[in-house]
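One structure is given below, encoded as structure tokens.
Both ligands and their constituent atoms are indexed starting at 1 by order of listing.
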Amino acid sequence: MKVITKINEMQTYINKMKKRHTIGFVPTMGALHQGHMSLVAAAAGENSRVVVSIFVNPTQFAAGEDLEKYPRPIKKDLKMMKDSKLVACVFKPEAADMYPEGFASYVALENDMPQVLCGVTRPSHFKGVTTVIAKLLNIIKPDRLYLGQKDAQQAFILEKMMKDLNYETVAVICPTVREKDGLAMSSRNSYLTPEQRNTAPVLYTSLQMAESMIELGERNPETVKKEVRRKLKESQAEIDYVEIIEAGTLKRCEKLCGRVLIAAAICIGKTRLIDNIIMDIKD
Ligand code: AMP
């Protein structure tokens, strides 16, 4: 497994590799867990070479967020990827090389997609995400890009960016990998104290309750959201948002029909957790 830190070295390596191989690309911020590894496995199943990036992207963190304290267990990450035998190359650029002095070319969606859900409390977050992924796609030129449904808003925004900007890379969205009690795996789960960790599964169970209500015929999103909020309030979690909107476009829906995204974000202590369920409503 090759580990490359320099952008020009990565470009040379990719240009050679592309002549003989299809490339599946998995962008990450490191602190890898089974969620990340499921994307690696999906990429290995559909491409002849897998490239993983590890980059804690400063432009997607606002002042006061957890950029400095974000976990960076790089040795452990590299071992996990090497042991999997699925990864050909890890790209681990430096922030100073990705954003040299005078960097000015940001990529951002100008519709509402980056402003809803997580965008309400993190208004500049998705501009950082689209910018870094645009750069990584230009460097790695993968055939397929692997993203987790865990970050559904991010995945839909990136799909839209890739369509609007005519990237030939195909986006593949993979299912959320969960702990036994339903909590979505996340690098940020390591911030939780044991007591907070016991509370955390309430996020997914609340979303599952919403799913059941819809399965049983409820079609008013406000009624479902109210019940989810009530259930979340019973725990020590603080609600950031509970939303039920159109999957893909992230547009409001008055009446639940088609493919919908049930999404919520909560804070437990200082740790912010997000999760979602996507449902296909037939009638
Ligand atoms: P991150 O390192 O948090 O930026 O995540 C890198 C990629 O892994 C993103 O596409 C995430 O959506 C995905 N991911 C994170 N957690 C999970 C999970 N529990 N299941 C599946 N994919 C995940």
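- Shown are Arg72, Met29, His36; of these, the side chain to side chain contact (heavy atoms under 4.5 Å, CB included) with Ser187 is made only by His36.
- Asn47 pairs by the side-chain hydrogen bond (donor to acceptor under 3.5 Å, both in side chains) definition with Arg144, Tyr146, not counting sequence neighbours.
- In the vicinity of Thr28, heavy-atom distances shorter than 4.0 Å reach the ligand 1 atoms 2 (O), 6 (C).
- The minimum heavy-atom distance between Asn220 and Glu222, with the atom names listed, is OD1-N, 2.9 Å.
- For atom 9 (C) of ligand 1, the candidate residues are Arg178, Lys150, Gln154; the nearest heavy-atom contact is made by Gln154.
- The two atoms that bring Ala184 and Asn189 nearest to each other are O-ND2, 3.1 Å, heavy atoms only.
- Neither the backbone nor the side chain of Ala31 has any atom closer than 4.0 Å to an atom of ligand 1 (non-hydrogen atoms only).
- The nearest heavy-atom contact from the protein to atom 20 (N) of ligand 1 is Val177 N, 2.9 Å.
- More than 12 heavy atoms of other residues, nucleotides or ligands sit less than 6.0 Å from atom CG of Asn138.
- Contact analysis puts Pro27 in contact with ligand 1, with a non-hydrogen atom separation below 4.0 angstrom.
- Protein heavy atom at the shortest distance from atom 4 (O) of ligand 1 is Met29 CG, 3.5 Å.
- The one candidate from Leu256, Val260, Val242, Ile245 that meets the side chain to side chain contact (heavy atoms under 4.5 Å, CB included) condition with Pro221 is Leu256.
- Remark: minimum distance from atom 11 (C) of ligand 1 to any protein heavy atom is reached at Asp151 OD2, 3.1 Å.
- Residue contacts with ligand 1 do not include Ala155, since none of its heavy atoms lies under 4.0 Å from the ligand.
- What sits closest to atom 21 (C) of ligand 1 on the protein, heavy atoms only, is Pro175 O, 3.5 Å.
- Nearest protein heavy-atom neighbour of atom 13 (C) of ligand 1: Leu39 CD1, 3.7 Å.
- Considering only non-hydrogen protein atoms, atom 5 (O) of ligand 1 sits nearest to His36 NE2, 3.4 Å.
- Numbered from 1 in the order shown, with element, the atoms of ligand 1 that lie under 4.0 Å from a heavy atom of Leu147 read 10 (O).
- Ring-plane geometry between Tyr99 and Tyr106 is classed as parallel, the angle between the planes falling under 30 degrees on a 0 to 90 degree scale with a further cut at 60.
- Short contacts between ligand 1 and Met185, defined as distances under 4.0 Å to a heavy atom of the residue, involve ligand atoms 16 (N), 17 (C), 18 (C), 19 (N).
- Taking CG of Leu261 as the reference point, atom CG of Leu117 lies at 6.5 Å (rounded to 0.5 Å).
- Distance CG/Asp97 to OG1/Thr5: 7.5 Å, rounded to 0.5 Å.
- When hydrogens are left out, the protein atom nearest atom 10 (O) of ligand 1 is Gly148 N, 2.9 Å; that is the closest non-hydrogen contact.
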